[in-house]
Amino acid sequence: MRKLFLLLLLIAVAGGGYWFMFLRDQAPERPSADFADEKPATGLDPDNPTRELHVDFAELERTKPLTREERARLTPANLAGLSQEEVDQIYGRLSAGPIPDGYWDGGLFFPRGSGGKTRMGEIIGSVLGEIVNEKVQFAERIGHGLWQGKFFFKEQGVLRNAIQDLKLFEILIDDPTKVPKAEIPAKGWRSWISSTSDVWQLFPAKLHCGQSLLDGRRESVIIDYAYTDDVDGYQELPDSLAGRRGLRIRDEIRMVRPGFYLGRAYADRIFLLNFTLYDPAIAEAGMQGFLNGEDITEECWPGETGLAAAN
Amino acid sequence: MNRTPLMAIVAGILAFFLLLSGPAAAQVSLSEGYAKTVESLDAKLPNLPEPKASPRAGSEIWFNATAFNDRFFTYAFQQRLGAAIDWFWVFGAKYRADIFQRWGGIPDPDCCVPGDPNCPAKSLDETYGFQWCPGDGQLLQFVGKLGYKDPACDLKDSASAAANQAQNACDLHFGTSTGVLGLRKFPNPRFNAEKWKALNGSLGSWDCFRGKGDAEGKCNGKAAAKHFFDGAVEPPFRIGMACGACHIGYKPDNPPADPDKPAWDNIDGLVGNQYSRISNLLGSGFTPHDLEWQLIARARPGIVDTSALPMDFVSNPGTMNAIINFARRPLHEHNILKWRKAASCEANSAPDACWCEPGKQGKCWQRGTQKELVQNILKGGEDSIGLREAIQRVYFNIGSCSEQCWLNHLPDVRAADPGQRNYGQSPFGVGQCRRDCAAFRAIEDRLPDLEAVFMTARPSDLWTARGITREQLEAQLDQEFFPGAVKRGREVFARQCASCHSSQPEPHDTADFHATDPNDPTLRLDWLGNDEVHPASEIGTFAGRSLHSNHMPSRVWEEYAALDLRERAPDPGRKEVMKGAGRGYYRNISLLSTWAHAPFMHNNAIGPEICGQTTVNEQGDLDFNENLYVTKDGTPLDGAPACRAFDASAEGRYRLYVDSMRDMLNPAKRIPKMHLLSHDVIIPVVPKIEDSKLAQALGVSLSIKFPKGKPALDVGSLRFKDLIQDMVLVLRGEQKFTAKYQALLDQGQRDELQAGLKRMHLELLKAAGKDYFEVNDEARAFIQKFYSTTLERVENNGHRFGESLSDQDKDALIAFVATL
């Protein structure tokens, strides 16, 4: 039983999760952003002629910069319907923006191949691949249910994850009475019962600017779980599960537009899943200014060329 | 109000702010000793074409320019590539005595330990534990702040650079010395002094950052942990690397009396550092259990795997080439696609075909294919598109412009999905780099200066080192070996060696191998090598270096390879599965000053092993001086020869040369050398949880264990990503497997590969409940056969030329080559 809970929790810590449980099934429209499918001008790999090569982000940004209008039309829902390469091409044309503060609702989605299946299911293929595809999608839904979002404590350079407060999970925690708790706006079916929902603040992480594992041309905001044993309220179990002696979870995020960030979660530098962070109030307040071309605060290194082409 | 006091106040305020933000000083201003070594350089090449390049400026750039790689070695190296450097172990003032002995680094004569008499810094807190070096008076004021004015800004540029409308010299990024020549430091504006003190106890300590706890192994009451990967803790300095880090060495003909305390007169920027432990340095923050340690850091002194960072999964460390006598280096015609200067571009040219720098009239570049006469540079000659381009490429090897242009083209070691970005290499664009990285332009615009300083370097002669004439040296050698040894050696050399090791046309019976240019008696006419390339199997030496793959189509340095060299036929003598696209060749080397550059071969493996003698040793230090001698069965040899202590003196070099020559000429007597895994290396297929209780609770663990005692190359040259991908492809029974191997393997080999993969899959399933899958001998044989990029394991085989000579002729050859 403990194993199962830990597995579920692992899925939760890896990423984000504002979202209704079955939103994907509502098949949101594809965003209108321009994507590149051309390959680099190079010969085949002599050692593996089937190896896929992807368009260089610098070239992509030069030829198909992501406009503010395109970014404004991106939503947590329509991003989740894209193939992983398309999600990557969005991420590679974003910058870190300001480091978020306060509570942000989260959503997560696993990598999908070009056919719409989860990448894991696509790699394995055939009947087994179909089964794996279903399992991954199930895990995704569980993740949505458990992981609610992230609390950013910007001044302290710390972040904590909002995990659904379920009595059932107390057996996984060294001392449940010491876990910081908070109220967040209720989502989904919970909002029919109450306007707020209780969550635990678990899995602390350090918050700083740093290297993107996808696009090195500019920094991302990094959420690193490796060195958190000195954070107030740290509990060996379950917090170390995400830490340097555990799965070495490391998230990175970039700003799509005010109030909306796109993130990537890695375990020991192996890419796991995408996630989104959303603050509806900031998103609403900031949209017009964003479309009007207001400057974006960059708190991390924006690269040598920045996003000038897209602004 | 009287205006004079007001003006004085204003002037005072201005002076205060000027003092705060600079004045920067170029390196010649910071170091009187260094300035003396370069002051006469420009006069050495009076006939350079107008507008004149400046060897002096070239030297300053070579010694000091990092071209914006300080961010690479502070952030990208650790976070993106997963590599860890323990900088304090290298630069900490308390380790000063071991700079040369542990790292083979060349100590900066101008730096001092805080608190020592005459040292401007009085405490380690002032310098954050490092030595104090010239320019630090300014630099230290900007630790934790923005606004540092780099000394490069004050570089006195050449007429050539001015004519090139050179990029601002500030973009060369000099910083100040770390205490080790070629490694530079920069103030980290993100440094937080309070945070640092809270972690380490004081500004001068790095103990808890390095994971060195108290007597109980604790920091602040918790178990100490290395913070090299912790991006939340910003160190006081960002460290950058100049080309000089590997190429600066001691002058063979004027070595320091004490190699731990050299003077500037003893230092040469181009001779190459045969003692350098730069590979070990780059992995100094790891443990030997780490995969990355095996990939990056396994190397003997004087060699470095320049493709380790681009991760081509070919373990192929090679020596730093001695840059001497380049004016007489042979040229070879190649078909070259590259960027060349142009006066203009047609309107609407694609920027990847022709590009003019905005705001710089007539500063344009066009890409096209032409046949050109160029030098064969890399050890297989594969990057031969021109000397200047080869120099520029060195800056990529050391991390310059990494974020701007090439990091996105490197694989992530752990990216296992072949459809994912960063799964494998892709070619970076020189044109894109030029457009997007100012540091690239800052170097490129000054390449004539760098080329010019190359042209000033000359061979080091043993007779000069001994303070005698060549005739007197020959007499000494005759006395040492036998009367007439040098004369006889010349005859043997002309007959047996000169066809590869001379740039003069055959026949060599009457060739003067010592001839010099009448207009410049310091310049040898014979390069003592023809730089022709041959299949590595013909040479017989360890083939790893010849099999490196970064120059191939679809790989990271694709644009730095001559087209015709990529089209060379595969060496039929090779058993590796992957051997096409121009791999498998070695270039003949020059024998100029051979007496000073032992041990031999591209990996320094033929000859005695050499090592430093450290004095400041601490518990847990990595051991670089492993026994590399093995039995014929590949097990460690009991009673193996001890490594020979670093000896940079002329006689030390000469003795090493003699013993290395004997080793080379007597291959049957060589004891095989092989790097063995000194510890088990466990590669997690799914992320590994170190805490066994947690791992047990989660029940998810799959790792592959390569056991201690097996060749390190089993891991260092393993195409493990292909192995994982192929297991999936075989299970799916897809045609993609066939498509992948159709041109590489015949049907029988494909069947064997498929069968082996299926067997491995079953073995992995059996291991699913265990901590790891241990690679047994059967699995090892199969994996290595199909997935090793280099099948050879013994590192000191080959070059058997001369084996059949009589003992006397071997002695004669040793005597004669010592005079070259």
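Predicted, not measured: the structure shown is a model, and the values here were computed from it.
Counting heavy atoms from C-beta outward, B:Glu403 and A:Gln211 have side chains that approach closer than 4.5 Å. For the pair B:Ser554 and A:Arg51, the minimum side-chain heavy-atom distance is below 4.5 Å. Two residues are said to be in side-chain contact when any heavy atoms from C-beta on lie closer than 4.5 Å; B:Met578 and A:Asn48 fail this criterion. Side-chain contact between A:His54 and B:Asn408 is absent, with no heavy atoms from C-beta onward closer than 4.5 Å. Side-chain contact between A:Leu213 and B:Asn422 is absent, with no heavy-atom pair separated by less than 4.5 Å. By the 4.5 Å heavy-atom criterion applied to side chains, A:Arg62 and B:Arg435 are counted as neighbours. Counting heavy atoms from C-beta on, the side chains of A:Glu219 and B:Arg71 come closer than 4.5 Å. Counting heavy atoms from C-beta on, the side chains of B:Cys401 and A:Glu304 never come closer than 4.5 Å.
The line from CZ of A:Arg217 to CH2 of B:Trp406 is 15.5 Å long, rounded to the nearest 0.5 Å. To the nearest 0.5 angstrom, B:His409 atom NE2 is 3.5 Å from A:Asp56 atom CG. Taken to the nearest 0.5 Å, the CD atom of B:Gln420 stands 8.0 Å off from the CG atom of A:Asp88. A distance of 9.5 Å separates CG of B:Leu407 from OG of A:Ser212, quoted to the nearest 0.5 Å. Taken from OH in A:Tyr227 to NZ in B:Lys222, the straight-line distance is 15.5 Å, to the nearest 0.5 Å.
Ranked by heavy-atom pairs under 4.5 Å with chain A, the first of B:Glu559, B:Glu234, B:Gln425 is B:Gln425. Contact tally against chain A (heavy-atom pairs below 4.5 Å) for B:Ala743, B:Ser426, B:Ala438: the top residue is B:Ala438. Chain B forms the most heavy-atom pairs under 4.5 Å with one residue out of A:Asp47, A:Leu53, A:Leu214, and that residue is A:Asp47. The most heavy-atom pairs under 4.5 Å with chain A, out of B:Gly221, B:Gly424, B:Ser549, B:Ala415, come from B:Gly424. For chain B, the option among A:Lys206, A:Glu85, A:Arg218, A:Glu59 with the highest count of heavy-atom pairs below 4.5 Å is A:Glu85.
For B:Asp230, the parts lying under 4.5 angstrom from a heavy atom of chain A are both the backbone and the side chain. Both the backbone and the side chain of B:Phe229 come within contact range of chain A, with heavy atoms under 4.5 Å apart. For a residue to count as touching a neighbouring chain, one of its non-hydrogen atoms must lie under 4.5 Å from one of that chain's; by this rule B:Ala76 touches chain A with backbone and side chain alike. Looking at B:Gln404, both its backbone and its side chain come within 4.5 Å of chain A, counting heavy atoms on both sides. Contact of B:Cys405 with chain A is not made at all, since no heavy-atom distance falls under 4.5 Å. The contact between B:Leu81 and chain A is made entirely by backbone atoms, counting heavy-atom distances below 4.5 Å. Residue A:Val158: no heavy atom, backbone or side chain, is found under 4.5 Å from chain B. The part of B:Lys226 that comes within reach of chain A is its backbone (N, CA, C, O), which places non-hydrogen atoms under 4.5 angstrom from that chain. Residue A:Glu252: no heavy atom, backbone or side chain, is found under 4.5 Å from chain B. Only the backbone of A:Leu44 comes within less than 4.5 Å of a heavy atom of chain B; no side-chain atom from C-beta onward does. For B:Met552, the part sitting under 4.5 Å from any heavy atom of chain A is the side chain, from C-beta outward, and nothing else. Neither the backbone nor the side chain of B:Arg566 comes within contact range of chain A; no heavy atom of the residue lies under 4.5 Å from a heavy atom of that chain. Contacts of B:Asn220 with chain A are absent, with no heavy-atom separation under 4.5 Å from either backbone or side chain.
Between B:Arg555 and A:Asp45 there is a salt bridge, with a side-chain nitrogen of the basic residue lying less than 4.0 Å from a carboxylate oxygen of the acidic one. We find that B:Asp412 and A:Arg269 are joined by a salt bridge, their nearest charged nitrogen and carboxylate oxygen being less than 4.0 Å apart.
Across all non-hydrogen atoms, the minimal contact from B:Ala223 to A:Arg244 is O-NH2, 4.5 Å. Annotation for B:Arg190 and A:Cys209: closest pair NH2-CB, 4.0 Å, computed over non-hydrogen atoms.
For A:Tyr91, there are no ring-ring contact (aromatic ring centres under 6.0 Å, His included) partners, not counting sequence neighbours. Looking at residues two or more places apart in sequence or on another chain, you find no ring-ring contact (aromatic ring centres under 6.0 Å, His included) involving A:Phe57.
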Practice task
Please lay out, stage by stage, how A:Glu52 and B:Arg421 fare under the test side-chain contact (heavy atoms from CB on, under 4.5 Å).
Solution key: CA-CA 9 Å; A:Glu52 291 179 45; B:Arg421 282 173 180 265; over 6 Å; no
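Counting only N and O atoms by type, the side chains of A:Arg250 and B:Gln79 include a donor and acceptor under 3.5 Å apart.
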